There are 2 protein chains.
Amino acid sequence: MIEHPRRPTLVDVAEHAKVSLATVDRVFNRRPGVSARTVERVERALAKLGYRPDPAAVRLARGIHFNFCFVLPTGSNSFMSELAKQVEQSIAWLQDQNVTGELIRVDVFDPQVLAEALRGLVGRCHGVAVVALDHPVVRDAVDELVRSGIHVVTLVSDIPGSKRHRFIGIDNSAAGRTAATLMGRFIGPRTGKIGLIAGSLILRDHAERLFGFQQVIGSEFLALAPLPPLQGHDSARQCRLLAEKLLRDHKDLVGIYSIGAGNRGIADALVELGRAHDVVFIGHELTEFSRRYLIQGIMDAVINQDPGHEARSASRVLLAQCSGQQMIVDQERIRIDIFLRDNLP
Amino acid sequence: MIEHPRRPTLVDVAEHAKVSLATVDRVFNRRPGVSARTVERVERALAKLGYRPDPAAVRLARGIHFNFCFVLPTGSNSFMSELAKQVEQSIAWLQDQNVTGELIRVDVFDPQVLAEALRGLVGRCHGVAVVALDHPVVRDAVDELVRSGIHVVTLVSDIPGSKRHRFIGIDNSAAGRTAATLMGRFIGPRTGKIGLIAGSLILRDHAERLFGFQQVIGSEFLALAPLPPLQGHDSARQCRLLAEKLLRDHKDLVGIYSIGAGNRGIADALVELGRAHDVVFIGHELTEFSRRYLIQGIMDAVINQDPGHEARSASRVLLAQCSGQQMIVDQERIRIDIFLRDNLP
DNA sequence: CTGAAAGCGCTTACAG
DNA sequence: CTGAAAGCGCTTACAG
């Protein structure tokens with residue numbers, strides 16, 4: 001095997017600059033107490049040799065250890081369960097980087113409870129990833145965490161006005177627009193009504209999807225008339241009742257956009273009333289159910305955010321933040337996935 | 001900050017088992033020369049304390065260093081340029097993991113040249129990622145690399161019959177099926193012909209996309225008639241001429257599927273002949289051009305594989321292979337992305 | 001302002 | 001078969 005040139009170490013730089021290891025370390029890490037002359041000499045050597053520190057050695061020597069908390073909603077729609085599972089896997093990976101991780105589940109629909117839980121984290125960890133609720137009380141709690149020196153990222157659902165360092169999730173109005181374009185083009189030249197079933201319009205992500213959807217339908221598919229949005233509270237049972245009513249009340253219903261969870265109820269209603277194949281049904285999040293509906297042709301498209309990617313991204317971003325490294329921006333951008341029957345993973 | 005329990009080190013295990021560090025190391029790493037009694041005692045301690053090695057310390061102590069080669073085609077369609085750029089970035093990341101990386105560009109369309117280049121790598125590196133050409137001569141070269149102990153992954157374009165350890169890329173027949181479903185549904189109830197322009201059907205990925213596309217059109221969109229596939233050699237100029245001829249010869253052309261590169265030529269032809277908005281145009285790879293065509297409504301959908309993801313994945317997979325670690329399977333699955341105007345990154 | 005030395009968690013010759 | 005010691009590349013008190 002051909003020998004490749006060894007990368008320069010601090011020792012190499014020290015020899016080159018004719019100073020001690022400690023001094024090179026001081027200069028490289030911008031610690032005080034070095035004469036201007038020495039600083040200059042060392043910096044020249046650093047540049048000349050193209051020194052780059054070995055991150056593993058740095059971590060080891062510094063004895064760095066962090067603790068991260070992942071705050072997820074209680075309750076168990078398929079998406080959140082999958083996210084929790086992926087967070088657990090990320091925590092295992094983090095252990096190898098010498099960071100402990102903890103998964104906490106909180107009733108995220110109750111702002112007070114969520115805020116209280118967040119406040120309880122002060123002094124208990126270095127980084128927090130939270131599936132947030134955009135409410136003043138929660139925003140305050142997030143800001144308090146940040147002020148106390150904790151690195152905070154919002155996960156899946158953002159609080160744009162807060163001091164959180166980063167949002168890890170998708171642009172939900174773009175996701176809504178994407179759903180609308182697919183809906184409009186799949187329906188084609190037909191005319192008719194579109195049913196809209198959200199979980200709760202108090203949730204920022206649902207509201208944004210709705211907004212994006214209506215924007216595109218309203219400007220580009222004028223033959224389609226969206227009905228007023230219904231709220232099924234991410235419950236399959238409630239969604240089923242709503243979908244049944246939609247189908248019965250509107251004989252000219254040509255599409256259903258499911259903005260939140262509860263796709264199962266909608267699929268059941270479509271099948272039961274024999275409308276599975278003439279109503280275009282688009283929803284969010286790839287789960288074992290939506291996957292099956294795509295294959296069966298009950299759903300026509302699924303807009304997805306990858307929970308594995310989101311969990312890993314949260315971990316990487318917090319780690320980069322806490323250890324002052326920079327992240328690979330491209331890698332941390334969460335895609336708005338479109339899945340058809342044909343490109344399922 | 002609350003103290004979190006320190007993870008156990010080898011020293012902890014040694015104390016617990018009342019043996020030396022070296023012995024614990026021998027047992028943990030299954031090195032020979034330890035009595036059965038001692039092995040058992042140490043293993044109990046290992047298990048009791050739940051010992052997991054610190055990968056950074058291991059790497060440092062072992063003085064591990066690898067060299068990887070990335071073999072990409074010469075020539076410069078936008079996708080390959082972007083892939084090259086992303087590979088360069090991966091190489092920078094690899095440096096921090098103490099691996100040197102080298103980007104080599106070879107005329108990948110010439111099997112002999114590519115095979116020769118690959119053979120030249122024996123003894124010069126520990127891992128190879130290659131944009132492959134499915135040809136017996138190349139397969140042989142890949143197999144020879146593998147036999148010589150080098151870890152090989154194919155990138156973007158696979159050689160299924162070879163001994164390569166892994167393929168990092170998309171399922172191209174699924175990508176073709178995805179294009180077909182979008183084409184069929186976007187065209188809707190209209191009837192007509194579909195133009196097919198590939199780069200070269202000698203390329204496995206192009207052939208597979210074509211196959212998948214025809215499969216779906218032939219079974220589900222019987223009102224659409226795909227024309228015989230044309231070969232534009234990934235050249236914008238040639239593709240433009242082919243597209244112009246298609247549009248002139250077939251007044252009932254309702255769609256164009258661009259299987260390879262050269263979208264620019266097709267877009268120009270569509271615009272020039274005033275057919276940009278009634279012909280459904282679907283192609284591959286998100287570039288500065290295809291992105292613009294989506295926004296302008298000239299292209300209707302772009303099927304994409306993320307070159308950044310592919311470059312990083314190749315690096316991670318090779319590193320895991322070479323250092324005997326296991327990879328995160330989910331993370332290394334390359335998605336078949338669908339981009340519309342609305343979900344562009 | 002500068003340097004010698006110990007230490008982070010693991011591995012590797014070398015002795016015994 | 002087992003252990004003491006040096007070393008990987010860096011950081012951190014501690015002396016001077």
Side-chain angles (χ1 to χ4, degrees), chain A residues 4-43 45-46 49-66 95-100 322-325, chain B residues 4-43 45-46 49-66 94-100 323-325:
Chain A
H4 290 274
R6 203 171 47 78
R7 55 141 71 165
T9 67
L10 269 194
V11 176
D12 299 323
V13 179
E15 282 171 359
H16 198 90
K18 300 191 192 329
V19 293
S20 75
L21 250 190
T23 297
V24 182
D25 177 70
R26 286 185 187 102
V27 174
F28 184 76
N29 290 300
R30 293 183 156 47
R31 297 187 232 279
V34 187
S35 76
R37 264 192 71 248
T38 310
V39 168
E40 206 197 330
R41 195 141 47 89
V42 173
E43 271 176 346
L46 247 11
L49 301 187
Y51 172 75
R52 299 188 57 184
D54 179 331
V58 172
R59 213 224 63 210
L60 190 62
R62 291 200 179 144
I64 288 176
H65 172 278
F66 300 117
Q95 281 195 344
D96 287 344
Q97 324 299 312
N98 227 358
V99 358
T100 51
C322 287
S323 53
Q325 293 168 7
Chain B
H4 289 273
R6 201 169 48 77
R7 55 142 69 166
T9 68
L10 270 194
V11 175
D12 298 324
V13 179
E15 282 171 0
H16 197 90
K18 299 192 194 326
V19 294
S20 76
L21 249 190
T23 298
V24 182
D25 176 71
R26 287 186 187 101
V27 174
F28 184 75
N29 290 301
R30 292 182 159 48
R31 297 188 232 279
V34 186
S35 77
R37 266 192 70 247
T38 311
V39 168
E40 205 197 330
R41 196 143 45 92
V42 173
E43 272 178 344
L46 245 13
L49 300 188
Y51 172 75
R52 300 188 58 185
D54 178 330
V58 171
R59 212 224 64 209
L60 190 61
R62 291 199 179 144
I64 288 175
H65 172 277
F66 300 118
L94 281 170
Q95 281 197 343
D96 287 344
Q97 325 299 312
N98 227 357
V99 357
T100 50
S323 53
Q325 291 168 8

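These figures come from a predicted structure and were not determined experimentally. Residue numbers start from 1 in every chain, and the chains themselves are labelled A, B, ... in the order their sequence lines are given, proteins ahead of strands.
- The nearest whole Å value for the distance from the CD atom in B/Glu15 to the P atom in C/dC10 is 13 Å.
- The separation between A/Ile64 atom CD1 and D/dT12 atom P is 8 Å, rounded to whole Å.
- In terms of heavy atoms, B/Asp96 sits closest to A/Asp54 at O-OD1, 4.5 Å.
- For the pair A/Leu60 and A/Ala36, nearest-nucleotide mapping onto DNA chain C gives the more 5' position to A/Ala36.
- Closest of all the heavy-atom pairs between A/Ala17 and A/Arg41 is O-NH1, 2.6 Å.
- Comparing B/Ser35 and A/Arg62 against DNA chain D, the residue whose closest nucleotide sits nearer the 5' end is B/Ser35.
- Among D/dG3, D/dT12, D/dC10, the nucleotide with an atom closest to any side-chain atom of B/Val19 is D/dG3.
- An OP1 or OP2 oxygen of D/dT12 is reached within less than 4.0 angstrom by a side-chain nitrogen or oxygen of A/Arg31.
- Among the nucleotides C/dC1, D/dA4, C/dA4, the one closest to the side chain of A/Ser20 is C/dA4.
- Distance CD (B/Glu40) to P (D/dC1): 15 Å, rounded to an integer number of Å.
- If you take CG of A/Leu10 and P of C/dC8, they are 19 Å apart, rounded to a whole angstrom.
- Ranking C/dT11, C/dT2, C/dC10 by closeness to the A/Thr23 side chain, first place goes to C/dT2.
- The shortest non-hydrogen separation linking A/Thr9 to A/Tyr51 is C-CE1, 3.8 Å.
- For B/Gln95 and A/Arg7, the side-chain atoms include no donor-acceptor pair closer than 3.5 Å.
- Not a single donor-acceptor pair under 3.5 Å links the side chain of A/Arg26 to the backbone N or O of A/Arg31.
- In a base pair of the Watson-Crick type (N1 to N3 plus N6-O4 or O6-N4) or a G-U wobble (N1-O2 and O6-N3), with each distance short of 3.5 Å, D/dA4 is matched with no nucleotide.
- Computed from coordinates, the B/Asp54 CG to D/dG9 P distance equals 16 Å when rounded to whole Å.
- In this structure, CG of B/Asp12 is placed 11 Å from P of C/dC8, rounded to the nearest angstrom.
- Side-chain proximity of A/Leu21 to D/dC10, C/dC10, D/dG9: nearest is D/dC10.
- For B/Asp25, counting side-chain heavy atoms from C-beta on, the closest listed nucleotide (D/dT2, C/dT12, D/dT12) is C/dT12.
- Each of A/Arg41 and B/Pro53 lies near DNA chain C, and the nucleotide nearest A/Arg41 is the one positioned closer to the 5' end.
- Comparing C/dC10, D/dC14, D/dT2 by their nearest atom to the side chain of B/Arg26 picks out D/dT2.
- Rounded to an integer number of Å, the gap from CD of A/Gln325 to P of D/dC10 is 14 Å.
- When heavy atoms are screened at a 4.0 angstrom cut-off, A/Gly33 is found touching base atoms of the nucleic acid.
- B/Phe28 comes within contact range of no nucleotide atom at all, as no heavy-atom separation falls under 4.0 Å.
- Following rounding to the nearest Å, B/His65 (NE2) and D/dG9 (P) show an atom-to-atom distance of 11 Å.
- One finds a side-chain N or O of A/Thr38 lying less than 4.0 angstrom from the OP1 or OP2 phosphate oxygen of C/dT2.
- Considering all non-hydrogen atoms of both residues, B/Asn98 and B/Ile64 come closest at ND2-O, 3.4 Å.
- Side-chain nitrogen and oxygen atoms of A/Thr9 include none within less than 4.0 Å of the OP1 or OP2 phosphate oxygen of D/dC8.
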